[in-house]
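What's counted below: heavy atoms across the whole structure, side chains too, no hydrogens, waters or symmetry copies.
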Amino acid sequence: MNLSAISHKGAYPDIYLIDRKTLIFTLHTAVNDIKSCTLMYYSRTNCEKIFHAPMEYCFSDNYHSHYSVKIIFEDTARYQKYYFKITDQADCSYYFNAWGFCEDNPENGAFEFLYANQNNVLKIPEWSKGQIYYQIFPERFCDGNPKNNPKECSPWGTAPTRENYMGGDIKGILKNLDYLTDLGVDCIYLNPIFQGDFNHKYATTDYFKIDPQFGTEEEFLQLVDELHKREIRILLDGVFNHCGIHFYAFKDLLENQQDSIYTDWFYVRHYPVNVSETNAPYECVGEYGYMPKLNTACEEVQNFICNVMIYWLEKFHIDGWRLDVADEVDNAAWTKARTEIKHRFPNALLLGETWGDGLELVDGKQMDIIMNYVFRDALRDFIAKESIDASTFSHRLFQMLSHYPEEQSLCLFNPLDSHDTERFLYFCNENKEKLKLAVMIQMCFPGAPSIYYGDEIGITGENDPDCRKCMVWNKKEQDLELLEYYKKMIQLRKSEACLKSGKTIENFNKEKIFSFSRYYDADEICVVCNSDSQDKTVLIPVMYPGKYENLMNGSIYEAVEISDDENQVYNHSKFKGTINVDLKPYDGKILKRRITL
């Protein structure tokens with residue numbers, strides 16, 4: 001047994017509450033290194049009565065296997081001491097506690113969970129589980145009212161630059177609600193719509209006003225109302241790490257210098273303060289002087305942020321916030337915002353932008369979930385760039401899952417691309433079979449898939465500004481076959497409970513073949529993917545013998561029962577059958593177990 005690979009932090013996320021009576025415990029070991037593990041727990045006030053709870057195997061990455069167990073107490077969880085009994089393949093056992101390892105049942109050194117305080121319960125809005133998001137860059141989606149277009153607006157479809165405008169607005173979104181409904185999306189994420197500088201509006205100048213080029217408050221209220229009638233939610237983009245140079249507090253700083261009442265709202269390097277694109281006398285985002293960084297450790301700034309967020313939730317009934325560069329904002333600002341918002345709007349979603357795992361943001365005290373670019377990067381490298389093999393791809397995905405509680409991983413915002421990246425199709429060298437394979441994985445893997453406007457009709461492009469092209473509304477210029485594929489995958493995702501809420505296990509990863517299963521009770525859906533340019537035939541392990549149906553075309557596969565000895569080739573005892581699968585280049589199969597009564 002590789003003792004050095006065994007870990008449990010004794011803190012979130014290795015132990016967490018899903019309600020005040022229920023704790024989830026997680027243990028990590030070297031990959032496929034142990035036979036079993038058991039949680040041993042007892043009350044501080046009754047040390048003699050030790051309970052034993054076998055832990056369930058969850059999944060493995062290339063280096064670790066992960067186990068968990070749910071414990072439900074009769075009363076509030078409190079003063080629970082615990083340790084682990086771990087047995088290897090040779091039936092040798094060790095005990096693992098806060099002090100380390102021992103061969104005999106330990107009398108001291110146990111981990112301890114103290115008290116189930118209400119604010120420590122992991123609460124993520126239930127509606128966010130498995131949502132289908134659709135991201136809209138308002139300036140480029142549809143021009144519904146040419147009268148509010150900026151001066152010198154370029155013709156719709158002009159090649160995008162960092163400076164030009166095309167005239168997209170709120171009425172343009174209203175005009176195309178039938179399109180969004182028909183596509184099957186659950187939630188719209190809008191890039192900034194507040195009054196701001198530049199076409200992207202990430203340099204906010206008034207957080208309480210909609211930019212006139214996008215429309216009016218009345219039009220936005222109508223948009224929210226119409227979306228909700230269609231059971232579609234909406235998130236707004238909040239830019240609170242920085243502002244624009246025409247924001248009232250920064251204008252006051254420019255005018256009054258050291259005597260400004262807003263000096264504490266910014267990080268002034270030296271006086272006099274003047275606007276400079278580079279080498280500015282104040283801190284700014286990305287060293288870009290037109291976006292001064294707000295001092296989010298300042299209590300007045302924190303109060304301002306809370307007021308803005310609550311204003312739009314209360315007056316316009318939005319469903320939550322996507323929070324720009326959330327990992328650069330002072331943690332105390334998000335803790336304060338979460339406390340105030342969740343007290344009044346418990347179902348409002350807080351989605352934080354980060355480009356890593358964002359663990360410091362999703363501890364239950366700041367964000368609900370994060371933008372999962374780790375997922376996107378793995379798909380890009382495996383399918384689009386073909387720079388990694390299936391083993392590395394599987395490792396990156398399942399290592400990612402191991403970082404989050406299961407309840408959180410089912411809600412992670414999983415994009416293929418966004419306004420800040422190249423279009424996924426561009427990375428695929430315009431190979432739409434690759435894109436479709438990535439979409440299949442995206443729609444079947446745990447989390448909440450996000451579609452960046454136009455991906456579904458074949459829009460491509462390099463990074464900003466090319467990724468912000470105008471939406472194409474002429475059907476003759478849309479890839480309608482690709483659009484139908486998206487619709488089919490979205491409906492499949494929404495109709496199969498185990499794709500939305502099921503557990504996940506890795507089945508097979510070798511060379512360019514990757515397979516995983518989602519399972520829920522007796523249901524199982526096995527996804528098999530070939531990221532190679534060659535035909536492949538592969539034997540895939542599944543959880544049950546019997547018939548499996550290809551959900552893409554209705555064809556039937558027969559899973560042959562395997563023995564326990566054969567099972568050792570694959571993974572623990574979860575697999576009981578194998579299916580022989582033929583795959584074309586960049587092909588995927590979605591195989592669902594057919595249960596016969």
Side-chain angles (χ1 to χ4, degrees), residues 125 127-145 168-194 200-202 210-211 214-239 309 312-313 315-324 345 347-353 368-369 371-372 411-420 442-443 447-457 459 467-468 470-471 473 483 486-487 489-491 493-494:
W127 65 261
S128 66
K129 184 186 296 181
Q131 286 281 285
I132 308 290
Y133 290 98
Y134 191 85
Q135 180 188 350
I136 293 176
F137 195 79
E139 220 281 316
R140 304 291 160 79
F141 189 64
C142 180
D143 185 356
N145 181 15
D169 50 32
I170 292 169
K171 275 196 171 181
I173 302 172
L174 276 163
K175 182 180 175 181
N176 291 285
L177 292 184
D178 287 346
Y179 173 85
L180 298 173
T181 303
D182 188 49
L183 183 59
V185 301
D186 298 313
C187 184
I188 303 300
Y189 150 42
L190 287 185
N191 287 106
I193 60 170
F194 307 134
H200 52 69
K201 304 303 175 188
Y202 277 97
I210 291 173
D211 197 293
F214 291 145
T216 65
E217 289 187 358
E218 291 73 22
E219 289 168 349
F220 182 64
L221 274 169
Q222 183 187 1
L223 174 63
V224 175
D225 184 53
E226 290 296 328
L227 286 170
H228 286 169
K229 286 179 182 178
R230 297 163 185 260
E231 299 184 340
I232 299 174
R233 291 180 167 86
I234 181 170
L235 303 182
L236 291 186
D237 204 331
V239 187
M309 295 176 74
W312 292 93
L313 285 162
K315 184 174 180 179
F316 296 89
H317 316 299
I318 65 170
D319 298 287
W321 288 92
R322 180 268 189 186
L323 296 161
D324 191 54
F345 306 95
N347 284 320
L349 185 70
L350 301 178
L351 165 63
E353 181 199 16
D368 289 312
I369 55 173
M371 295 184 76
N372 192 7
C411 304
L412 290 173
F413 182 100
N414 289 344
L416 293 183
D417 46 22
S418 74
H419 65 292
D420 282 330
Q442 181 193 33
M443 294 293 170
S450 173
I451 302 165
Y452 183 42
Y453 78 97
D455 279 354
E456 73 279 9
I457 57 168
I459 291 180
C467 60
R468 303 175 183 182
C470 290
M471 180 67 174
W473 292 110
L483 178 60
Y486 264 89
K487 289 180 182 179
M489 290 305 307
I490 289 170
Q491 290 309 311
R493 166 78 178 206
K494 296 172 81 167

Side chain to side chain, I234 and I232, heavy atoms closer than 4.5 Å: no
Set of salt bridge (Lys or Arg N to Asp or Glu O under 4.0 Å) partners for R322, sequence neighbours left out: D237, D324, E353
Y452 side chain vs F137 backbone, donor-acceptor pair below 3.5 Å: no
Where I459 and D455 come nearest, the two heavy atoms and their spacing: O-OD1, 4.1 Å
Plane angle bin for F316 and F220 - parallel if under 30°, tilted between 30 and 60°, otherwise perpendicular: tilted
N372 side-chain N/O to N414 backbone N/O, donor-acceptor pair under 3.5 Å: no
Whether over 12 other heavy atoms sit under 6.0 Å from K494 NZ: yes
Proximity of F345 and W321 rings by center, below 6.0 Å: no
Separation of N176 CG from L183 CG (nearest 0.5 Å): 11.5 Å
Steps toward side chain to side chain contact (heavy atoms under 4.5 Å, CB included) verdict (Y453, Y134): CA-CA 6 Å; Y453 78 97; Y134 191 85; 3.6 Å; yes
Separation of S450 OG from L412 CG (nearest 0.5 Å): 12.5 Å
Side-chain heavy-atom pair V239, F194 within 4.5 angstrom cut-off: no
Residues forming a side-chain hydrogen bond (donor to acceptor under 3.5 Å, both in side chains) with D319, sequence neighbours excluded: H228
Which residues share a side chain to side chain contact (heavy atoms under 4.5 Å, CB included) with C187, sequence neighbours left out: W127, Q131, Y133, R233, L235
Contact summary for L190 and P138, nearest pair of heavy atoms: CD2-CG, 4.4 Å
By side chain to side chain contact (heavy atoms under 4.5 Å, CB included) - contacts of L177 (at least two apart): I173, L174, L180, L223, E226, L227, R230
Heavy-atom pair of closest approach, residues A348 and L313: CB-CD2, 3.9 Å
Euclidean distance, I132 CD1 relative to D186 CG, rounded to 0.5 Å: 5.5 Å
Which residues share a salt bridge (Lys or Arg N to Asp or Glu O under 4.0 Å) with D143, sequence neighbours left out: none
Distance-only side-chain donor-acceptor flag, Y202 / H419, under 3.5 Å: yes
Under 3.5 Å side-chain donor-acceptor pair for D169 and N145: no
Non-hydrogen atoms of K171 and E219 that approach each other most closely: CE-OE2, 3.0 Å
All salt bridge (Lys or Arg N to Asp or Glu O under 4.0 Å) counterparts of K487, not counting sequence neighbours: D182, E484
Residues in side-chain hydrogen bond (donor to acceptor under 3.5 Å, both in side chains) contact with E217, at least two apart in sequence or another chain: K315
Partner residues of C411 under the side chain to side chain contact (heavy atoms under 4.5 Å, CB included) criterion, sequence neighbours left out: I124, S128, K129, I369
From F413 atom CZ to L351 atom CG, the distance as rounded to the nearest 0.5 Å: 6.0 Å
Set of residues satisfying ring pair (Phe, Tyr, Trp, His ring centres under 6.0 Å) with respect to Y179, sequence neighbours excluded: W473
Nearest atoms (heavy-atom pairs only) where G184 meets I490: O-CG2, 3.5 Å
Which atom of G130 lies closest to which atom of P449, heavy atoms considered: O-CD, 4.5 Å
Residues that D211 engages under side-chain hydrogen bond (donor to acceptor under 3.5 Å, both in side chains), provided they are two or more places apart: K201
side-chain hydrogen bond (donor to acceptor under 3.5 Å, both in side chains) partners for E139, two or more places apart: none
Side-chain heavy atoms of I170 within contact of I210, under 4.5 Å: yes
Test log, rule side chain to side chain contact (heavy atoms under 4.5 Å, CB included), inputs I451 and L416: CA-CA 7 Å; I451 302 165; L416 293 183; over 6 Å; no
Matching residue for N191 among Q135, R468, H200 - test: side-chain hydrogen bond (donor to acceptor under 3.5 Å, both in side chains): Q135
Partners passing salt bridge (Lys or Arg N to Asp or Glu O under 4.0 Å) against D368 (at least two apart in sequence or in another chain): R338, K342
